[in-house]
There are 2 protein chains.
Amino acid sequence: MCDGYDPAKCTTVSEMLARLGDKWTVLVIMMLGDGPQRFSDLKRMVVGVSQRMLTLTLRALERDGIVERTVHPTVPPRVEYALTDLGRSFSVPVKALGGWVFANHEDIQSARARFDERNAEAGPKLIKLG
Amino acid sequence: MCDGYDPAKCTTVSEMLARLGDKWTVLVIMMLGDGPQRFSDLKRMVVGVSQRMLTLTLRALERDGIVERTVHPTVPPRVEYALTDLGRSFSVPVKALGGWVFANHEDIQSARARFDERNAEAGPKLIKLG
DNA sequence: CAGTATCCCGGACGATACTG
DNA sequence: CAGTATCGTCCGGGATACTG
């Protein structure tokens, strides 16, 4: 993929992957898939997210042009978040990836079971990551 | 995507995304795309990776059934890593995602530039994640 | 060669308190 | 309501040294 070799683009790929890999980004994108949502609604829908992390996640997505932030100057303030065209476009390959995991869930689980079985008796080793 | 709602599958999606989001997984998968590679060859190809992280990354991928580890009982030892069928299948949506970033690189960069421009004068704020 | 063991640091993330 | 500021914890990941 990074064969034609544009280092800048490869860096961006890593950045977007890291973004997807963080704890809340994909959930937020999914919740915005059905239309715009207010901050507090998102906070309720994305169970477990802290105010801080929701803000951070939305800011990062806004910076990348995936999400658009609209402030309605009312009292109390009303802020809506929506996917941009770029965001909706982005969600296509993201959903494809999610779909792949759904489709291959059995294979993954059985592979893990076999691995854990084989390495059952072994000592503590350094099996981390996960 | 997680609408039909199988919590176990959604958890697996998060796990695989977290895996992709870590620092070396995608690079390793790409390097194995052209065929099997020895541990030390991978270490040379994936520039900057430490022995520890390469081992950890490969172990996690092996556990998930994405990569297969073959030990040739010679002296000195020869260990080869290769993508499994599942791994090659997995790399399809992964490459699609990478391809999307390549195709939309301009849009992302300009979105970032505009965001940073708008928030130039502002104080330190809490803009992290990135 | 292909690991494993240990130490260490920075940053992701959570909890809490405060504000326009 | 929609944030921001601050503090503390945990762990991803790097550096180094050792081994079959």
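Note on naming: letters A, B, ... go to the chains in the order of the sequence lines (proteins, then strands), and numbering restarts at 1 for each one. Just so it is clear, the structure is predicted and the values come from calculations on it, not from any experiment.
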Using whole Å, report how far CZ of B/R59 lies from P of D/dG13. 17 Å
Could you state the atom-to-atom distance from CD of B/E80 to P of C/dA2 in whole Å? 9 Å
Please check if the side chain of A/R88 supplies one atom and the backbone of A/L83 the other of a donor-acceptor pair under 3.5 Å. yes
Ring pair (Phe, Tyr, Trp, His ring centres under 6.0 Å) against B/W24, all qualifying residues, sequence neighbours excluded: none
Specify the separation, in whole Å, of atom CZ of B/R69 and atom P of C/dA2. 10 Å
Atom CD of B/E68: over 12 foreign heavy atoms under 6.0 Å: no
B/V79, nearest nucleotide to its side chain (from C/dT4, C/dA2, D/dA2): C/dA2
One character per nucleotide, please: for nucleotides 13-19 of chain C, 5' to 3', B when the base has a protein heavy atom closer than 4.0 Å, S when only the sugar-phosphate does, - otherwise. BBB-B--
State whether the side chain of B/K43 and the backbone N or O of B/V49 hold a donor-acceptor pair below 3.5 Å, judged by distance alone. yes
Has B/T12 got a side-chain atom pairing as donor or acceptor with B/A8's backbone, closer than 3.5 angstrom? yes
Any sub-3.5 Å donor-acceptor pair from B/T57's side-chain atoms to B/T25's backbone N or O? no
Pairs involving residues 27-78 of chain A, ordered by first then second residue, that meet ring pair (Phe, Tyr, Trp, His ring centres under 6.0 Å) (sequence neighbours left out): none
Output every pair passing salt bridge (Lys or Arg N to Asp or Glu O under 4.0 Å) with a member in residues 17-34 of chain A, not counting sequence neighbours, ordered by first then second residue. A/R19-A/D64
Side-chain N,O (A/Y81) to OP1/OP2 (D/dC1) below 4.0 Å: no
For DNA chain C, the residues among residues 36-46 of chain B that have a non-hydrogen atom under 4.0 Å from it: B/R38, B/F39, B/S40
Under 3.5 Å, is there a donor-acceptor pair between the side chain of B/R78 and the main chain of B/P73? no
Give me the one residue out of A/R69, A/R38, A/Q37 that meets side-chain contact (heavy atoms from CB on, under 4.5 Å) with A/V79. A/R69
Quick one: B/L54 CG to D/dG12 P, roughly how many Å, whole number? 17 Å
Where does DNA chain D pair, written as one dot-bracket string 5' to 3', with Watson-Crick or G-U pairs under 3.5 Å, ( ) inside the strand, [ ] for crossing pairs and | for another strand? ||||||||||||||||||||
With a 3.5 Å distance limit and no angle check, can you tell me whether A/T55 reaches the backbone of A/Q51 through a side-chain donor-acceptor pair? yes
